[in-house]
Amino acid sequence: MAKKVADLLVDTLGAHGVERIYGVSGDSLNGITDAIRRQERMRWIHVRHEETAAFAAGADAHLTGRLAVCAGSCGPGNLHLINGLYDCQRSRVPVLAIAAQIPSNEIGSGYFQETHPERLFAQCSDYCELISQPEQMPRVLEIAIQTARSRRGVAVIALPGDVAFRDAVEHHPRPAFHEPTPSVCPSDEEISALAKVLNASEKITILGGAGCAGAHAELVQLAGVLKAPIVHALRGKEFIEYDNPFDVGMTGLLGFSSGYHAMMNCDLLLMIGTDFPYQQFFPTQATIVQIDLRGEQLGRRTRLDHGFVGDSKATLRALLSHLVQKQADGHLKAALEHYRKARKGLDDLAIGEPGRKPIHPQYVARALDELAAADAVFSCDVGTPTIWAARYLSMNGRRRLLGSFNHGSMANALPQAIGAQVGHPRRQIIAMCGDGGLAMGMGDLLSLRQLQLPVKIVVFRNDALAFVELEMKASGIVDFGTDLNNPDFAKMAEAAGLLGLSAETPEQVRPMIMQALKHDGPALVEVRVSRQELSMPPTISLEQMTGFSLFMLKTVLSGRGDEIIDLAKVNLFR
Ligand SMILES: Cc1cc2nc3c(=O)[nH]c(=O)nc-3n(C[C@H](O)[C@H](O)[C@H](O)COP(=O)(O)OP(=O)(O)OC[C@H]3O[C@@H](n4cnc5c(N)ncnc54)[C@H](O)[C@@H]3O)c2cc1C
Ligand SMILES: Cc1ncc(C[n+]2csc(CCOP(=O)(O)OP(=O)(O)O)c2C)c(N)n1
């Protein structure tokens, strides 16, 4: 049989190391799914919703660092990919989406299911092109692959179903080179200038993010030389927090007061590989220096005094020999002591007394942290599970943490767990789901049995869109539209072929999590947690509000209601 465009597509992906495509089949994808059926190397990972396919591909790419692929059929099929693709693009993971298109001779006629993927996906991709004739293959596909890899983002090819079935003109993939791994470093002059600024500054705080992946040793060494506390942004947690004597926690809405203060009280803030988005949490008086691989990121979130383009590892390596060891450690010690107290305050909230309801979600997260494997992969839903993951999961350099941290989409944890488990069949994968988040993407509970994925799901059941309730309270709005009239999730899980458990008292939490983790197959533990866990101070006096932005008062969600007032006081009276 002559080679078809679809065969060449599958061969080309295979030549680039792709082993699987996540998706939902459909008429316009028939050429591709049939090509997959006829060969051995590529797997079709059949999920129940295309958004799941995109999130799963994103998680797969995040964990492996390699290109992952998802596909949707024409019109509504690929439209369903879009939210997951936004997430991939904003998390900067290399993902290729195949958007099947209606028959090529019908494009422009308003045909059944017609959309224009080149326009729809333009905003959430770095490359998005229609393949309208066989001669474009495999070149356009290879450009898409190269773009997704080198820009670390999404590339989309739109392929009409009939074109996929046409005879291929070229017959082989063309790539014959290894993926380049350049080392990007500021110039010698820039390194000297950076060293000069750092050598001349006291009270330095480092804010590190996901761009510090792979540079742990250099980062810790740098902090030791500068006597600088290290604050991390959430996406940097998995790469920075562990084995780090300079760690003082996270800042921001869900952060620790110690992270907040370390940034606000420094003379120089050194940002490395971070795009921490909240302007209000940056110091206004300090000198600010930023190192980022992408020049366009410099000065994006805060005004900047010095900006450098470089890979964090290469840059720190070049920089370290130019630095003078600092002796004064007052700033570091104060930040570490603050962190110790903040950590203890949060740890004290993670308690579960036998027989005492309701169950605190912090206790559940802490139990998960203690019981999970040393190389577990966690995913957490947007909503309060993100708070519990950020505050109570400890990373160790082997564990990984997935979330929809930049895009902020609900219902991410289950699909990301699916991608993580497909890519790592023997690893323990744990999804921390909200009851709203799980219900939003519930169809793909069925994929766990169908794909035989032993994912463990922990549902933080609070019968509410609790995070939104918190936001409403913080803004002085009465809660509305946030009630969830939930089913028995454990029974639903059982019906879907999972082990289903339901914890109603604190003493059931640990044994049930253990049972689920040991279970040889997918399992769901629903835990009835308290609905209102983070309190805002009931009243805030005028005096406390003076000079302290209303935004801050409303948004620093502290573990205890009184701490927000502490923050206000410290900022007012220091
Ligand atoms: C409900 C909710 C609440 C949240 N609250 C908080 C909060 O309180 N605090 C918080 O921190 N986050 C919070 N987040 C997450 C937040 O929105 C951002 O996702 C996060 O702060 C970004 O982390 P990051 O800077 O590490 O990662 P990114 O935003 O991904 O930035 C990474 C940066 O590193 C650069 N980079 C990549 N590779 C390299 C390299 N090799 N060398 C140098 N640079 C590189 C990139 O160009 C990019 O600029 C919350 C999210 C949700 C959903
Ligand atoms: C797709 C999407 N819809 C709505 C929102 C707004 N939102 C953010 S968190 C949240 C509530 C999440 O509820 P749940 O999953 O039950 O977690 P909880 O906060 O209750 O623990 C909502 C509705 C969003 N971020 N994404």
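Residues take their numbers from the sequence shown, with the count starting at 1. Since we're looking at a predicted model, the values are computed, not measured. Numbering of ligands and ligand atoms starts at 1, following listing order. Heavy-atom basis, side chains included; hydrogens, waters and symmetry copies ignored.
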Margin query: Would you call the rings of F239 and H62 parallel, tilted or perpendicular, taking 30° and 60° as the class edges?
Written below: tilted
Notebook entry, point to check: So, is A466 polar-close to ligand 2, with some N/O to N/O distance under 3.5 Å?
Noted result: yes
Margin query: Tell me every residue that passes side-chain hydrogen bond (donor to acceptor under 3.5 Å, both in side chains) with Y339, counting only those two or more places apart in sequence or in another chain.
Written below: D247
Note to self: Can you tell whether the side chains of R366 and D347 come within less than 4.0 Å, N to carboxylate O?
What the structure shows: yes
Check: What protein heavy atom sits nearest atom 17 (O) of ligand 2, and how far off is it?
Finding: G434 CA, 3.8 Å
Item checked: Any I206 side-chain heavy atom under 4.5 Å of V231 side chain -> no
Checklist line | D87 side chain to S409 side chain, donor-acceptor N/O pair below 3.5 angstrom | finding: no
Note to self: Could you tell me, atom by atom, which parts of ligand 2 come under 4.0 Å of a heavy atom of N462?
What the structure shows: 18 (P), 20 (O), 21 (O)
Next item on the list: Flag the pair V289 / F308 as yes when at least one side-chain heavy-atom distance between them is below 4.5 Å, and no otherwise.
Entry: yes
Note to self: Distance under 4.0 Å, heavy atoms only, partner ligand 1: which residues pass?
What the structure shows: G209, A210, G211, A233, L234, R235, G236, M250, T251, G252, L253, L254, G255, G273, T274, D275, F276, P277, Y278, D292, L293, R294, Q297, G310, D311, S312, V382, S404, F405, N406, F467
Check: Can you find an N/O atom of F467 closer than 3.5 Å to an N/O atom of ligand 2?
Finding: yes
Check: How close does the nearest protein non-hydrogen atom get to atom 13 (O) of ligand 2, and which residue and atom is it?
Finding: L465 CD2, 3.5 Å
Next item on the list: Considering heavy atoms of the protein only, find what lies nearest to atom 14 (P) of ligand 2 and give residue, atom and distance to 0.1 Å.
Entry: G436 N, 3.6 Å
Next item on the list: Anything under 30° is parallel, anything over 60° is perpendicular, the rest tilted; go ahead and classify H80 against H49.
Entry: parallel
Notebook entry, point to check: Any N or O of G437 that comes nearer than 3.5 Å to an N or O of ligand 2?
Noted result: yes
Notebook entry, point to check: Nearest protein heavy atom to atom 21 (O) of ligand 2, by residue and atom, and its distance?
Noted result: T384 OG1, 2.5 Å
Checklist line | Numbered atoms of ligand 2 (with element) below 4.0 Å of G408, judged on heavy atoms | finding: 24 (C), 25 (N), 26 (N)
Give the table of side-chain donor-acceptor pairs shorter than 3.5 Å for residues 211-224, with sequence neighbours excluded, one pair per line with atom names and distance.
residue: H216; atom: NE2; partner: Y242; partner atom: O; Å: 2.7
residue: E218; atom: OE2; partner: K313; partner atom: NZ; Å: 3.4
residue: E218; atom: OE2; partner: R317; partner atom: NE; Å: 3.1

Checklist line | ligand 2 atoms in contact with A464 (distance to a heavy atom under 4.0 Å) | finding: 16 (O), 20 (O)
Margin query: For R461, run the side chain to side chain contact (heavy atoms under 4.5 Å, CB included) check against I359, L438, N486 and tell me which one passes.
Written below: N486
Item checked: Atoms in ligand 2 flagged as close to V468, the criterion being non-hydrogen separation under 4.0 Å -> 7 (N), 10 (C), 11 (C), 22 (C), 23 (C)
Check: Short list, please: which atoms of ligand 2 are under 4.0 Å from a heavy atom of G383?
Finding: 9 (S), 19 (O)
Margin query: According to salt bridge (charged side-chain N to carboxylate O under 4.0 Å, His left out), who are the partners of E51, at least two apart in sequence or on a separate chain?
Written below: none
Margin query: For a 4.5 angstrom cut-off between non-hydrogen side-chain atoms, does I457 reach V525?
Written below: no
Margin query: Assess whether a salt bridge exists between R301 and D275, defined as any Lys/Arg side-chain N lying under 4.0 Å from an Asp/Glu carboxylate O.
Written below: yes
Next item on the list: Using a strict cut-off of less than 4.0 Å between a Lys/Arg side-chain nitrogen and an Asp/Glu carboxylate oxygen, indicate whether R149 and E179 qualify as a salt bridge.
Entry: yes
Next item on the list: List the closest protein heavy-atom neighbour of atom 4 (C) of ligand 2: residue, atom name, distance to the nearest 0.1 Å.
Entry: M410 SD, 3.6 Å
Item checked: Min N/O separation D381 to ligand 2 under 3.5 Å -> no
Check: Does an N or O anywhere in N83 fall below 3.5 Å from an N or O of ligand 2?
Finding: no
Checklist line | Distance flag, aromatic centroids of F282 and F276, threshold under 6.0 Å | finding: yes
Notebook entry, point to check: When only distance counts, is S409 in polar contact with ligand 2, meaning an N/O pair under 3.5 Å?
Noted result: no
